[in-house]
Amino acid sequence: MLNKLKNRKQEGFTIIEVLIVLAIAGLIILIVLLAVPALQRNGRNTATKNDASSLAGGIGEYKSNNDGGNPTTITGTGTVTISGAAGSISATAKLQGSVAPVSGTVATAANTVVYHLGFKCDGSASPRSTAVFYWTEQASGGNGQKCVEA
């Protein structure tokens, strides 16, 4: 009997070995498929947050160049021009997103940047403040609005 085991050649994998490898590969694919959307969402959220911070920084630069006065117009996509009354010094901010920032009171759509001249993040009026709202995607739904003051 021992001779039979020694002479027998092993010609491939058993069905159990193949099933174990397939199960492990399936688990790895499942983990990757579950992680990719979260990574994409986090990337978009980070870009939106950076855009809001850049816009707030540009508004802050405009204010420091113009004795604390708020700008009157913010235009552009990519490189945003922040300008005011005639004779004021303009400022620029570089945004990663392809959507131009808009004027309004709140951000209502994911990955948007909205500025509100003359207001603070808490909604109170302040002539020398600017609230920059941005909306991020939430994994569980819910309110993803955040704010940066300039």
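In this chain, numbering begins with 1 at the start of the sequence shown.
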Less than 4.5 Å apart, side chain to side chain, heavy atoms only: is that true for [X] and [Y]?
X: Val113; Y: Thr48; answer: yes
X: Leu55; Y: Thr130; answer: no
X: Ser103; Y: Tyr115; answer: yes
X: Leu117; Y: Pro71; answer: yes
X: Ser53; Y: Tyr134; answer: no

Return the minimal non-hydrogen interatomic distance between [X] and [Y], and the atom names on each side.
X: Gln96; Y: Asn50; value: NE2-ND2, 3.8 Å
X: Cys121; Y: Phe133; value: O-CE2, 4.1 Å
X: Gly69; Y: Lys63; value: O-CG, 3.4 Å
X: Gly60; Y: Ala150; value: N-CB, 4.4 Å
X: Ile74; Y: Pro101; value: CG2-CG, 4.3 Å
X: Ile82; Y: Ala93; value: CD1-CB, 4.3 Å

Check your understanding: Quick one: which of Lys146, Lys49, Arg44 gives a side-chain contact (heavy atoms from CB on, under 4.5 Å) with Thr136?
Key -> Lys146

What about [X] and [Y], same hydrophobic cluster or not, with Ile/Leu/Val/Met/Phe/Trp/Tyr joined at side-chain heavy-atom distances under 4.5 Å?
X: Leu27; Y: Val18; result: no
X: Leu39; Y: Ile31; result: no
X: Ile15; Y: Ile24; result: yes
X: Val132; Y: Phe119; result: no

So, taking the atom named [atom1] in [X] and the one named [atom2] in [Y], what distance separates them when rounded to the nearest 0.5 Å?
X: Asn65; Y: Ser90; atom1: CG; atom2: OG; result: 9.5 Å
X: Leu22; Y: Glu17; atom1: CG; atom2: CD; result: 12.0 Å
X: Ser88; Y: Asn70; atom1: OG; atom2: CG; result: 11.5 Å
X: Thr72; Y: Tyr62; atom1: OG1; atom2: OH; result: 6.0 Å

Review point. In terms of heavy-atom contacts, does CG of Asp122 have more than 12 from other residues, nucleotides or ligands at under 6.0 Å?
Key: yes

**Study point:** Whether Lys120 side chain and Ser126 backbone form a donor-acceptor pair below 3.5 Å
**Key:**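 Checked: no pair found.
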
Exercise for review: Without swapping roles, check the side chain of Asp51 against the backbone of Leu95 for a donor-acceptor pair under 3.5 Å.
Suggested key: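 Not confirmed, Asp51 side chain does not pair with Leu95 backbone.
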
Review point. Run the side-chain hydrogen bond (donor to acceptor under 3.5 Å, both in side chains) check on Ser83 and Thr73 step by step: do they pass?
Key: CA-CA 5 Å; Ser83 56; Thr73 45; 2.8 Å; yes

